[in-house]
Trainee: 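Below: one structure in structure tokens.
By convention in this document, chain letters (A, B, ...) are assigned in the order of the sequence lines, proteins followed by strands, and residues within each chain are numbered from 1.
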Amino acid sequence: MKILESKSIVKNFGKVRALDGVNLEIKKGEVYGFIGPNGAGKTTTIRILLGILKADEGSASIFGMDVWSDAVEIHKKVAYVPGEVNLWPNLTGGEVIDLFTSLRGKINVEKRDDLIRRFNLDPTKKCRTYSKGNRQKVALIAAFASDAELFILDEPTSGLDPLMEQEFHKCIDEAKKAGKSILLSSHILSEVEKLCDKVSIIKDGKIIESGVLKEMKHLTVTNIYAETKSKVTGVNKLKGVHIFEAKDDGYSLQVDNEVLPDIIKKISDFDVIKIESYPPTLEELFMKHYENVEVD
Amino acid sequence: MNKNLFKGTFDLIKLLAKRNILSISIWLVSIVSITVVVLGAFTGLYSSEEEMFAMAETMRNPAMTAMVGPSEGLDNYHVGAQMSHQMLLFTGIAIAVMAILIVTKNTRADEEDGLIEMIRSLPVGRLSVSLAINKLMSTVFILLFIVVAISMYLTGLENITLEGSILYGAALGMIGIFFASLTLVFAQLTENSRGTIAYSFAFLMLAYFIRAIGDVSNEMLALISPLGLILRTHPFVLDNWWPILVMFVASVLLFVLALYLNSIRDLGSGFIPSKPGKKTASKFLRRPIGLYLRLQRTSIIAWFITMFLLGVSYGSIFGDLEQFILSNEMIQQMVSQDSNFTLNEQFMTVLMLVMSMMATIPAVIFVLKIRSEEKKKRIENILSKSVSRNELLFSNLIISLVLGFLMLITSALGLYSASSAVMDDPILLSTIIKASIVYYPAMLIMIGFALFLNGIFERATPLVWLYIVYSFLVSYLGDLLQIPEAIMKTTPFGNIPNYPVEEVNVLNLVLMVLVASLLIVIGFITYNKRDIKE
């Protein structure tokens, strides 16, 4: 069952084409990752899906209703958390949470108080005193306290500390178990990898790739840094090695996850002193793989 | 006391001076020039002794005393007496505001932003910031005192004596020093800059009202208020110096208190704990209309007080209006000559025009809340919920329509309460109310125009303010500059009859309401079709 569908959405801001035919499809119960570099069109797409901007061409629907003309009806079952949460400085966090949930439907007091405790928020403080992370908590609590069917989350963890990020991941899991659907826009690859069933990658207003993350080979690479006693030779030619650079004391490599065991084995032949591995950032991937992808 | 407590004060003064030089200069130049300009304006106000007495008579009523202070010089109401009667209090309040804002910004606000922490991590004494701001403000206000005294005396006007000029300047400077010390105390007591400002302004307002009550009824009560005290100097009339001395002692005591409080508290803390806000939203705050009323609560109350006081201040002139009008050529030209009505009634129509335009300002501000929220990117918080654009727009519109109407009524009530107190034969309340609400259709057009622009071409919305300013200039100065009738009709206010002098043409008013409705409807339709700005 399709929860959300957009077909060839186009949006122009003056002469700039911000979106150039965006297609998305989210089925019930899916956690859908929406990734791309800054300025690619993630937020514009989301604002169109929320009926805040009007698409110039194409159509989009949520729960089978038009996102522009049926916005009010749709929003009864949609919870949205923006990337930059702007709140009213002279209202308290608690007041804003209640306002947000009651503008959507009824307040579930138990759920709300539980979330306030889990996210460790002081709801009696005025919003002017909140940090970016705390403002995000307000929006997240209001979202998860609702009985929405679809969650639209636009980089919701950008201001949260690691503990709160974990709490957020738990909330996503719970929502998923309850059969809710989630659109999660992010530029943190590890987060998307961990949480999402499917992803779409957007660049310059166009979806350049969609599908299951694990199947996107070029997205599943690992960076390795190794220091060895003897000189490493013959690794740079191997299949699945994308980057091989000799540094002052060691070597930097980027390899496909598929061939990772072989490469490690190979490197260990040269007497390893130190070895580190870390996932690449989305920016690195984009620089490497997508810089030449033509839009049209 | 430990010398190290004040280490680095001199460097801090230099830093503070550099940071605040622009705002201090603007304040000082404005205050000095207004003093000199008004002094010049008072000089040309009357040409004979009789006119001077006529002027003085209009001041001799309790409403006027409550507003501007006690009058010692009415028997010989020369330029100097007018200055100390009509200008000293208001200039003093402006200076108090200046002191409150600048001291708060450089003490509690900086502390809140973590700037004081940076400074205190350097080899700087614990009390140096307080001492530095006090020294800087004292220097500024002594400078103000000298410049005001010299520039007043240099006008060379009759009755502007050397002693009077010095005392007038000293009174102004002393108010500044007093409120700088007072604000420094509140900066220690409260935990954030909003609290500092709120308590300081509350004190200032209280000082004004205690003085107002005291000036009218009880001399001793007026002396409790620092504003009442400083008015007792009566520069150019009695030239009393003792209030300056009392204020000086009070300022020193306050400053010592501030230093003491500063020395016993931790950085970032205060003595009046900021009370926690509400944990949950009231029932009222659960729809957009409640939200927007709540967000504008303070501003709404402030506008009601402003409109009422405006009405009171205009109403208080009615007492000896005829003499006043006869002595003032400018007003004579503004009041249309029609012998069927009393001068009072004719004059009232001019006041109603001004007051209705003033009342239009909050009405337009309230309806354009929707735009200011959009610019602050808070509209999508609401629109991403189950709220239609129509409900959003309607919430703001209804607030504007209802409050705009009540603003008109409030100013009319203010006018009535003061005028009925000072007139032998007061104008009927119903006449005043009716004269006021005939302007409602004109206000509606302005509200409609604001919504129209907001919908059709959002960036052009400020044009509505231009139109209001234009209306104000054309209507207010129309008779004076003999602007043709056709141009007067280009503003909504120019199409409103001057009730009770002119007949009320109902059809005309209905037509204006229709135009306003049309603008509002277009505003709704276009707002529903456009993007919300990022």
Trainee: Evaluate Arg104(A) against Val387(B) for side-chain contact (heavy atoms from CB on, under 4.5 Å), listing each step before the verdict.
Mentor: CA-CA 8 Å; Arg104(A) 202 181 289 111; Val387(B) 175; over 6 Å; no
Trainee: If you count heavy-atom pairs under 4.5 Å with chain A, which of Arg287(B), Lys376(B), Lys533(B) comes out on top?
Mentor: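 It is Arg287(B).
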Trainee: Give a yes or no on this: more than 12 heavy atoms of other residues, nucleotides or ligands lie within 6.0 Å of atom NZ of Lys111(A).
Mentor: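 For Lys111(A), atom NZ is crowded (more than 12 foreign heavy atoms under 6.0 Å).
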Trainee: Could you check which of Leu383(B), Asn192(B), Leu295(B) has the highest count of heavy-atom pairs closer than 4.5 Å to chain A?
Mentor: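 The answer is Leu295(B).
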Trainee: Nearest 0.5 Å please: distance from the CD1 atom of Ile382(B) over to the CG atom of Leu99(A).
Mentor: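 Spacing of CD1 (Ile382(B)) from CG (Leu99(A)) equals 5.0 Å.
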Trainee: What residue, out of Arg530(B), Glu391(B), Arg194(B), has the most heavy-atom pairs lying under 4.5 Å from chain A?
Mentor: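 Top count of heavy-atom pairs under 4.5 Å with chain A: Arg194(B).
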Trainee: Of all heavy-atom pairs between Glu380(B) and Pro82(A), which one has the smallest distance, and what is that distance?
Mentor: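 Scanning both residues completely, I find the closest heavy atoms to be OE2-CB, 3.8 Å.
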Trainee: Using a cut-off of under 4.5 Å for heavy-atom pairs, which of Leu91(A), Asn90(A), Val85(A), Ile48(A) has the most such pairs with chain B?
Mentor: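 Option with the greatest count: Leu91(A).
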Trainee: Using the side-chain hydrogen bond (donor to acceptor under 3.5 Å, both in side chains) rule, pick out the option among Lys278(B), Lys279(B), Arg294(B) that qualifies with Glu95(A).
Mentor: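 Considering Lys278(B), Lys279(B), Arg294(B), a side-chain hydrogen bond (donor to acceptor under 3.5 Å, both in side chains) with Glu95(A) is found only for Arg294(B).
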Trainee: Checking Asn86(A) side chain against Arg378(B) main chain: does a donor-acceptor pair fall under 3.5 Å?
Mentor: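 Not a single qualifying donor-acceptor pair exists.
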Trainee: Does His75(A) reach the main-chain N or O of Lys385(B) with its side chain, forming a donor-acceptor pair under 3.5 Å?
Mentor: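 Answer holds: yes.
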Trainee: Side chain, backbone, both or neither: which part of Ile107(A) has a heavy atom under 4.5 Å from chain B?
Mentor: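 For Ile107(A), the side chain is the part near chain B, not the backbone.
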Trainee: Just how far is it from atom NZ of Lys106(A) to atom CZ of Arg286(B), taken to the nearest 0.5 Å?
Mentor: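 Here the interatomic distance stands at 12.0 Å.
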Trainee: Sort out for me which of Ile74(A), Leu53(A), Val109(A), Asp122(A) touches chain B most, counting heavy-atom pairs under 4.5 Å.
Mentor: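 If we count pairs closer than 4.5 Å to chain B, Leu53(A) comes out on top.
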Trainee: What's the separation between atom CG in Asp531(B) and atom CG in Asp56(A), rounded to the nearest 0.5 Å?
Mentor: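 Here the rounded value is 7.5 Å.
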Trainee: In Å and rounded to the nearest 0.5 Å, what is the CG to CG distance from Leu103(A) to Asn381(B)?
Mentor: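 Output value for this atom pair is 9.5 Å.
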Trainee: Test side-chain contact (heavy atoms from CB on, under 4.5 Å) on Leu291(B) and Trp88(A); report intermediate values, then the result.
Mentor: CA-CA 10 Å; Leu291(B) 171 69; Trp88(A) 300 273; 3.8 Å; yes
Trainee: Please check if atom NZ in Lys105(B) has more than 12 non-hydrogen atoms from other residues, nucleotides or ligands closer than 6.0 Å.
Mentor: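 It does: Lys105(B) NZ has more than 12 such atoms within range.
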Trainee: At a heavy-atom distance under 4.5 Å, which candidate from Lys54(A), Glu84(A), Glu73(A) has the highest pair count against chain B?
Mentor: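 Top option by heavy-atom pairs under 4.5 Å: Lys54(A).
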Trainee: Counting only heavy atoms not in Glu117(B), do more than 12 fall under 6.0 Å of its CD?
Mentor: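 Counting other residues, nucleotides and ligands, CD of Glu117(B) stays at 12 neighbours or fewer.
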Trainee: Any chance you could measure Ile46(A), atom CD1, to Ser384(B), atom OG, to the nearest 0.5 Å?
Mentor: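 Reported to 0.5 Å precision, the distance equals 11.5 Å.
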Trainee: Any side-chain heavy atom of Lys125(A) sitting closer than 4.5 Å to one from Pro276(B)?
Mentor: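 With C-beta onward as the side chain, the pair stays apart.
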Trainee: Between Lys126(A) and chain B, which part of the residue has a heavy atom less than 4.5 Å away: side chain, backbone, both or neither?
Mentor: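 The side chain, not the backbone.
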Trainee: If you draw a 6.0 Å radius around CZ in Phe524(B), do more than 12 non-hydrogen atoms from other residues or ligands fall strictly inside?
Mentor: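 It does: Phe524(B) CZ has more than 12 such atoms within range.
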Trainee: Could you tell me the separation between the OG atom of Ser386(B) and the NZ atom of Lys77(A), rounded to the nearest 0.5 Å?
Mentor: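 Separation between the atoms: 10.5 Å.
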